[in-house]
Amino acid sequence: MVSANISISIQGLTRDRSCALHGRILSLKQDPTHLHYQTIWPTPYPLSPPSSVKSSAIGTPDVEDDTESLIHHYLNLGPDLTALYEHWSSVDLNFKKRAPKFTGVRILKQDAWEALVGFICSSNNNIIRISQMVRSSHYSKRCSYIKLFQVHNLCLHYGPLIGHINNQAIHDFPTPESLTGAGVESHLRELGFGYRAGYIAKTARIVANERPEGWLQTLSNPELFEDGLDQKGLPEGGREGYRKAHEELLQLQGVGPKVADCVCLMGLGWGESVPVDTHVWQIAQRDYKFGKGKHKSLTKATYDAIGDHFRNLWGKEAGWAHSVLFAADLKTFSGRLITKLEVDVDEVKIKQEDGSAFESKVIMKREYALDEVKEESGEGKDGIILESSRSQRAKRRRTR
DNA sequence: TAACACCCTGTTAT
DNA sequence: AATAACAGGGTGT
């Protein structure tokens, strides 16, 4: 009996598991062995021949259903995760120690403009509010009845209407042009964006008015649509295209080094981009000897040094490796710290509702209770006990 | 280079 | 129960 799993966390995925992706509405769900998808709109989509779907050209218009390759691309399912994890583990003992509990982490290939706006919203902010601002249909249980109907966000107010599902309007992400109006900033403030309203309005104007058509895409990695992952040939500081993209993005409003690197990594396909936020800064201090001497505080110089260190250590997909360690530290995933995941590789099928399928390698995981892990791991490894409960954290604070 | 303000929300501490 | 601090995937000045 095979137990396989892909953990999906997609921006804008609603409770009924529908989301807008590249102008269409998809419904996604997963069971222990499969990732299911269905094209809700446009409607007569999933009538394509089962076996011939393989990766035909991306640009082929409406004759064939390219939804499959779309999902495959967006979830970045091409690269062999096991091989990547093995490589990072072989060059870094700390990665080897921490990564096994966090298998299956992949870098989404997001739309660059959407990623840009999303990460501008992320500054000094928490994840829940970010998703509420940008794409959300996230209904917190604590939201009042009234608030349920006040879920304002960027897509709802400025994005083109794609269609409806369950009487709920689905909007795609707004273009830069649609955010250049006179009242945008004040409106976004009313919608709860705070000072990020100004960032978005100004950045939208710069992109729409002061940059050539398609400018953002020209900054992307030309290999964005390939799955090749050779590990060599990474110059100090990253490839020229990456450095150029980073530098250009810094010219925008509300975009500092961290946001620029997020866009480079997730929106533009530059795998060596290493966004250093407060979490990564903590990790760098705790596990990689930063925080002393020349790199006492997180200045721009320190920021670049951390990125260079990880690029030298992990190679071309340093940003990916960094995301694994980042996930291992996120409070959001702390629930996963009390379980141990046994890792194996298996072929699973990703199939459509009509039964056609293609295969993809994913990580197989089995979860074990904490007690069993304690026996195995022995000698006081701190990785598991940390953050596993509130009482323990409170205790730790008091003893400082 | 180091502070500090910036919006606002959920959590934790009194 | 109510209210005060505070941090939360930074950036601009």
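Quick note on labels: first sequence line is chain A, next is B, and so on, each numbered from 1. All values below were derived from every heavy atom in this structure, side-chain atoms included, with hydrogens, water molecules and symmetry-related copies excluded.
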Item checked: From B/dC7, C/dG12, C/dG9, nucleotide with atom closest to A/R196 side chain -> B/dC7
Check: Atom CD1 of A/I120 to atom P of C/dG9: distance rounded to whole Å?
Finding: 18 Å
Checklist line | Residue of the set A/H246, A/K244, A/Q251 for which side chain to side chain donor-acceptor pair (under 3.5 Å) holds with A/E248 | finding: A/K244
Note to self: Regarding A/L252, tell me which of base, sugar-phosphate or nothing describes its non-hydrogen contacts under 4.0 Å with the strands shown.
What the structure shows: sugar-phosphate
Next item on the list: Describe, in one word, how the ring planes of A/H36 and A/H34 are oriented to each other, choosing from parallel (under 30°), tilted (30 to 60°) and perpendicular (over 60°).
Entry: tilted
Margin query: Mind checking if A/P275 touches a base, just sugar-phosphate, or nothing, with heavy atoms under 4.0 Å?
Written below: nothing
Item checked: Rounded interatomic separation in angstrom, taking CD1 from A/I107 and P from C/dG9 -> 17 Å
Next item on the list: Using a strict 4.0 Å threshold on nitrogen-to-oxygen distance, state whether A/D66 and A/R24 make a salt bridge.
Entry: yes
Check: Hey, is the side chain of A/Y195 pairing donor to acceptor with the base of C/dG10 inside 3.5 Å?
Finding: yes
Margin query: Just the rounded figure in Å: distance from P of C/dT11 to CZ of A/F193.
Written below: 18 Å
Item checked: Upstream residue (5' side of DNA chain C) when A/Q253 and A/F119 are each assigned their closest nucleotide -> A/F119
Note to self: Parallel, tilted or perpendicular, judged at 30° and 60°: which one describes the rings of A/H309 and A/Y288?
What the structure shows: perpendicular
Next item on the list: Examine A/F326 together with A/H279 and report whether their ring centres are nearer than 6.0 Å.
Entry: yes
Note to self: Considering every strand and a 4.0 Å limit on heavy-atom distances, what is the contact class for A/V280: base, sugar-phosphate, or nothing?
What the structure shows: nothing
Next item on the list: Indicate whether the side chain of A/D261 and that of A/Y303 have a donor and an acceptor atom separated by less than 3.5 Å.
Entry: yes
Note to self: For DNA chain B, please output the secondary structure as dot-bracket, reading 5' to 3'. Pairs are Watson-Crick or G-U wobble, both atom distances under 3.5 Å; mark crossing pairs with [ ], other-strand partners with |, unpaired with a dot.
What the structure shows: ..||||.|||||||
Check: B/dC7 C1' sits how many Å from A/E185 CD, rounded?
Finding: 12 Å
Check: Of all heavy-atom pairs between A/Y242 and A/E272, which one has the smallest distance, and what is that distance?
Finding: CB-OE2, 3.5 Å
Check: Looking at A/Y85 versus A/F95, is the centre-to-centre ring distance below 6.0 Å?
Finding: yes
Notebook entry, point to check: Could you give the NE2-to-P distance, from A/H187 to B/dC7, as a whole number of Å?
Noted result: 17 Å
Check: Please walk me through it: do A/Y158 and A/N153 pass side-chain hydrogen bond (donor to acceptor under 3.5 Å, both in side chains)?
Finding: CA-CA 8 Å; A/Y158 293 97; A/N153 62 63; over 6 Å; no
Item checked: Nucleotide C/dG8, atom P - distance to CD of A/Q282 in whole Å -> 8 Å
Check: Side chain of A/R189: nearest nucleotide among C/dG9, C/dT11, B/dC7?
Finding: B/dC7
Check: Between atom CG in A/L188 and atom C1' in B/dC6, what is the gap in whole Å?
Finding: 16 Å
Could you list, one pair per line, each protein nitrogen or oxygen that sits under 3.5 Å from a nitrogen or oxygen of nucleotides 1-5 of chain B, together with the distance?
residue	atom	partner	partner atom	Å
B/dA2	OP2	A/S297	OG	3.0

